[in-house]
2 protein chains.
Amino acid sequence: MAKDSATSVNRKSEILSAAIEVFAETGYYRATTAMVAERAKISQPYVFRFFPSKEALLLSALEVSWERIVGSFRQVVQSAAPENMEKELIVAYERIMEEHRNEILLQMQAQTIAEETIRESMRGGFREVREIVLEAFRGAGIEKPEERTFLFLARGMLCNVADAIDMPELKMT
Amino acid sequence: MAKDSATSVNRKSEILSAAIEVFAETGYYRATTAMVAERAKISQPYVFRFFPSKEALLLSALEVSWERIVGSFRQVVQSAAPENMEKELIVAYERIMEEHRNEILLQMQAQTIAEETIRESMRGGFREVREIVLEAFRGAGIEKPEERTFLFLARGMLCNVADAIDMPELKMT
DNA sequence: TCAATTAGTTATTGATTAATCACTACCGTT
DNA sequence: AACGGTAGTGATTAATCAATAACTAATTGA
């Protein structure tokens, strides 16, 4: 069972998980470091032993969320048959939307945060995901891979919105 | 020239314009009513003569932004030839993205705000726009109008994101 | 066994902010 | 020449919050 051996690395990822939840539920700017601490079952100042500032915490949380998508997509790319490539990538993303909804909500928030460090992280994430999908489509022999990649990402963005505002009819017919 | 006759209605819309700017630039939660007031060239408490709370101000600002899109799309629908319908709707939206970027940024922020009044406003806006586009496509004899409407909205969402994080290469090939 | 390292807390602060209150200035009417 | 309505401001407040400082408790290893 490997109980709760509170290593430093362990604590750090607990705080990150708490932050993702709280930021997603409450909104980054309205969320307080005290709320994050409470969720992680530690005191508020102890958060700052692991992250130099609230913004640094957000940045790390964003990295986690992008790595989730990148890792999942890479696995699909190296395991799916070419004719199933698009469908399998869609399924993988739908799975993330279900099981890690908060990470998606966090990314949506970050889309409108003006701090340059945050924007860079978002651009990096999108660039990497786009590259993976594009290469997957090319490798699978899909026609007009750029256009198909664009549409793949576009559908993803609308599904994010439909999910966030709880309007399932927006997702499809 | 009809200078600045400061009617009450006039003031109210000045405050709304200021709020749209400030909220979009700074983020709703980080933005202060003092910043809005400064932009509108009035004192901070005077904002509350026109809006009962900061959230009511956000709600009114959102209504303005949705009315912009709805009004523009309705005009296109009744003036464009069927064969140009989709293209003209796209052009209309691109125009709004250029000329009223802040209203789009405001809507993007509102997508992740959990207050029920805000979510209802967002659902209402999306429902109305979706209905207009769908009817336009049906009236123009476009095949699979539901799917085409979905893709139209989806492309819009991705363009919003690409614009917000300043990543133009995300928009197309 | 004790010194250093690690893990964690309580207390505090300085800044910020939505909202309220009490006030002043101006304008048209009678 | 005074009244009532409209337009607007300064001062204040009660709450909130990120970050720091100063502390204690437990663990480890030589």
- prompt: Given atom CD of A:E38 and atom P of C:dG8, what is their separation to the nearest angstrom?
  reply: 17 Å
task: Mind checking side chain to side chain contact (heavy atoms under 4.5 Å, CB included) for B:A114 and listing every partner two or more places apart, or none if nothing turns up?
output: none
- prompt: Taking only residues two or more places apart in sequence or in another chain, which ones pass side chain to side chain donor-acceptor pair (under 3.5 Å) with A:S13?
  reply: none
task: List for me each residue that meets side chain to side chain donor-acceptor pair (under 3.5 Å) alongside B:Q111, sequence neighbours excluded, and say none if there are none.
output: none
task: Figure out the CZ/P separation between B:F23 and C:dT17, and round it to whole Å.
output: 13 Å
task: For B:E103, check side chain to side chain donor-acceptor pair (under 3.5 Å) against everything at least two apart and list the hits.
output: B:R68
query: Looking at residues at least two apart in the chain, or sitting in another chain, which of them share a side chain to side chain donor-acceptor pair (under 3.5 Å) with B:T33?
result: B:Q44
- prompt: Taking atom C1' of D:dG8 as reference, at what distance in whole Å does atom CG of B:N10 sit?
  reply: 15 Å
With 3.5 Å as the limit, what N/O pairs link the protein to nucleotides 18-21 of chain C?
unit_1, atom_1, unit_2, atom_2, d
C:dA18, OP1, B:A31, O, 3.3
C:dA18, OP1, B:K54, NZ, 3.3
C:dA18, OP2, B:T33, N, 2.9
C:dA18, OP2, B:T33, OG1, 3.1
C:dA19, OP2, B:K54, N, 2.9
C:dA19, N7, B:Q44, NE2, 2.8
C:dA19, N6, B:Q44, OE1, 2.9

- request: Tell me yes or no: between the side chains of B:T117 and B:E55, is some donor less than 3.5 Å from an acceptor?
  value: yes
- request: Using whole Å, report how far CZ of B:F50 lies from P of D:dT9.
  value: 10 Å
- prompt: Quick one: is B:Y46 getting a side-chain N or O under 4.0 Å of the D:dT9 phosphate, OP1 or OP2?
  reply: no
query: Between B:K12 (NZ) and D:dG8 (P), how many Å, whole number?
result: 15 Å
